[in-house]
Amino acid sequence: MVEFRCPLCLSRECETFVKYDPKHKDYYCSTCEYTGTEEDVKKMYAVITSRFKLLNKRIKRF
Amino acid sequence: MLFNLIHRPIPTDKKCVEAFKFQQDVAHRNGFRTTILLPVPALFDKATIEQVKAYSQDFGDELGVYFYNLNCREFKEKFNTLEFQYWLFSPEDKKKIADWAYELFAENFGYIPSAVGSYYFDVDSLAYIKKKYPVVECALATCFEEGANVFRGTNGYWHLFSEGGPWWPWIPSKNHIHAPARNSAQSLDVVALPHLVRDMLHSILHRDDCYASHPANLLRGKIYKDKGLAYDLNFIDQYIHQEKFNDGYSYYNMFVGPNWVASRHYYEEDVKISRDLYVKTLDYLGKKKKEGSVKDMTMTEFGRWFKANRKLDEPDQCYWKDILYGSRRSIYWIRTSGYRATIDPMAGSALTDLRPYAGQVKMPVGAGANELWNGSYPFVLNQYRKGGINYFGRTGVFSASILFKDKKYDLSFERTEIESLDPKKRSFSSPFSIETPEGPLKFEKTIRCSESGITVDIKLIKSPAGQPIEVTQYLTGVQGISGSGDYPEDIRGITLEAVNSKGKNRLPINYTSKMITIKKPLKLMADLPKLDLKLSLVPVNMCDSGKIADACLSGPMYQMALIKKIKPKEKMSVCLKIEKR
C-alpha cells in the first residue's frame, strides 16, 4: 500500500495522509470528506499541478 | 550570485547516512565546497565525525553546529523533555543546549566553529552564543516568511513563526533577530542567513516552503511534471537576475536535509525523482559556476565577504515575477534598516506589507517569554494575512483612490505594472488607465523608497476635457504578528493625530468609527506605543484636507487620509515616514 496525501486537503495546501479502507478498497481522509481510489487520488493531483501553467516553460527574459 | 551549499548528516538513520554521502558527492563533483552543519546526534557518532573531518581536509568543506534533530537518546537523558525545537526552549535551557553542543564539537574537532545554524534563532540566544564564543561569524538564522501558512498547511505540526524578516543576509540588531542593525552599537556582529531563498511572490501568497531553493519541496508542492524542472532553473535564473537591482549583488543558498533524498518524505513520487532533481539542480548551478555567474563560498567565507562589502544601511531590493502560474503578476520588495516593504502591482502598487524595523521592538520567544512561540516581526500594514480586500473596502494597505465626478475608483482594485525601475534611486512608476463614462482617466503613480520613508506621487496625465480629479492617499493601519488568530489583533492603545497650523487633534483608537477632518494638514500621525513607533503621512506639496478615523469592529483598522484636487500635469505627493517614537 502506498502512502498518499489527501488531494482535497492538498489543493488548499494542507497536508493530511489518507488511510486505506480494505473493506471498500479506497482511501479516506480523517480531516475532510475525501474518499477515493488510488486512480482518483492521482487524477486530483494532476488537477493541482495543472494550476502551474509555466511549469515546464523555460523563461529567457525576466 | 554568491552561493552557500549547506548539508547536514543524520547518523541515526542508515538511509540518511547514504543520502548524505550522495549529496556530498554531487556537490564535490560540481566543484562546490559545502558547509556541513552537525546536529547534536552527529556529535556522538564517531563514523560521522571521521567522515566530515575527511570532507573538510579533502575538499575544504566547513564544519559547524546545527541546533536541530535534538531528539536523540543523549539529549533526552540530559534534558528530560518532550520539547525538541531549539527556539522554543526557555532562555536558560537554550544556553545549556548551546554550551553542550559547543563542548561536544570542541571535544571532537579541537576548535569552536564559526558557522552555526537553526531554523530559527531568537536574538538573545544568538547574542549569548556570540558573547561566549566570539569566533562565531555566520548563522543560518531564520526561515523567511514561514509562519501562519506553513503552520496551517502542516496541520499545526511545524511550530515556526518567522514572518517579517529579511529574505537575504543581514546583520541583526540586539533587539530582534529580524530587525537589521542600524549602526555598530546595535549590531549583533554575526551575519545572519535565511534558511533557503524563496519564491518572492508565492512566499507571501502561499505556504512558502514548497516554493523555495529546495528541489524536494517542489515535489511536495506538486510543482513537478514529466521530469521537468523548468521552474527550478527559472528560479535560479531569476535570483541571478536580482543582481540588476542590487548593484551586482545576489545571494542564494540550498540546504536540503538527507531525509529528503533518502526515502519518500512528504511527496508521493519515487525517491529517485527527488535525487534526480537534486543532481540536476546542482549540475545547473555547477554550470553557472563554470560560466562565472555563480560563486560558491562556505558560510564563514560569505560572512566575511558580507561584512567587508555590504554596509549596514545598504538596502536589498527584489523585483520578482511570477514564473509558475502564468499570472503575469509581479511584486517589489525593499529592505532597509528602517523597514521591510512589499509593493504589489496587483493591488494598484499599494504598499501591502510593512514591517517597521525602526521601532526595534524586542520580543523574546520560547518558554517563559511573553510571545512564547511567535518569533515573527510585527506588521503595521498587511493585506495578505490580516484583512484582505473585502466588500467593506478596508484592508491593511497604503494606497489611493480617485474621485472623478461622483464616482470613486479605489486603486487597490486596479491591476498595474512596475515600469522604469531605478535601483539606485529605489524608485519606479506604475501607469493607470481607468475608463469613465466620459472617457479614460490616465495617471501615473511614482514610488520612491528612502531609508526611513516611502514617498508616493500621483500625477494626472489626462482626463476627459481636462477636468480635475480628487486624489485620496490613505493608510489603513493594522498592527500584529501574523498567525495569532483570524480576526485582526486589538489595536487599542494607538492614538491618531491630525496637525495643521491651527493645532493638533487627537483621536485614541477605541472602535468608535469617529472621524476628524482638518483643512490644509501639515501631518497625520499614528502613535503605536506597543511597537515604539510613529507612522506619519506628510504632504510633500500642500493638500486640501486630511482626515483620521477610528476603527470599528466590522472594519478593525484605523485610517489616515490626505486629500487633494489636481488638474492634468499636476501631482499629489505624500511621504509615509516610519520612525522610532
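A note on names: the letters A, B, ... follow the listed sequences, proteins ahead of strands, and every chain is numbered from 1.
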Answer key: most heavy-atom pairs under 4.5 Å with chain B among Lys60(A), Arg12(A), Lys53(A) is Lys53(A)
Interatomic spacing from CZ in Phe62(A) to CH2 in Trp320(B) - rounded to 0.5 Å: 7.5 Å
Are the charged groups of Arg58(A) and Asp237(B) less than 4.0 angstrom apart, N to O? yes
I'd like to verify something: which residue of Asp322(B), Leu218(B), Leu233(B) has the highest number of heavy-atom pairs under 4.5 Å with chain A? Leu233(B)
OG (Ser327(B)) and CG (Leu54(A)) are apart, to the nearest 0.5 Å, by 8.0 Å
Compute the ring centroids of Tyr231(B) and Phe52(A), then answer whether they are less than 6.0 Å apart. no
When the 4.5 angstrom heavy-atom criterion is applied to Tyr266(B) and chain A, the contacting part is both
Would you say CG of Asp247(B) has more than 12 non-hydrogen atoms from neighbouring residues, nucleotides or ligands within 6.0 angstrom? no
Return the minimal non-hydrogen interatomic distance between Ile223(B) and Leu55(A), and the atom names on each side. CG2-CD1, 3.4 Å
Against chain A, label Lys321(B) side chain, backbone, both or neither, depending on which of its atoms sit under 4.5 Å from a heavy atom there. side chain
Select one option (side chain, backbone, both, neither) describing which atoms of Ile48(A) are under 4.5 Å from chain B's heavy atoms. side chain
Nearest 0.5 Å please: distance from the OG1 atom of Thr49(A) over to the OH atom of Tyr224(B). 10.5 Å
Rounded to the nearest 0.5 Å, what separates atom CZ in Arg220(B) from atom CD in Glu13(A)? 11.0 Å
Check: Asn234(B) side chain, Ile59(A) main-chain N or O, donor-acceptor pair, under 3.5 Å: yes
Is it true that the NZ or CZ of Lys222(B) lies under 6.0 Å from the centre of Tyr45(A)'s six-membered ring and within 45 degrees of the ring axis? yes
Counting only heavy atoms not in Glu39(A), do more than 12 fall under 6.0 Å of its CD? no
Whether Glu268(B) and Arg5(A) form a salt bridge (side-chain N of Lys/Arg under 4.0 Å from carboxylate O of Asp/Glu) is what I want to check. yes
Do Arg207(B) and Glu15(A) sit within salt-bridge range, that is, some charged N less than 4.0 Å from a carboxylate O? yes
Is atom NZ of Lys289(B) surrounded by more than 12 heavy atoms (other residues, nucleotides or ligands) closer than 6.0 Å? yes
When every non-hydrogen atom of Asn155(B) is compared with those of Cys14(A), the smallest separation belongs to OD1-SG, 3.4 Å
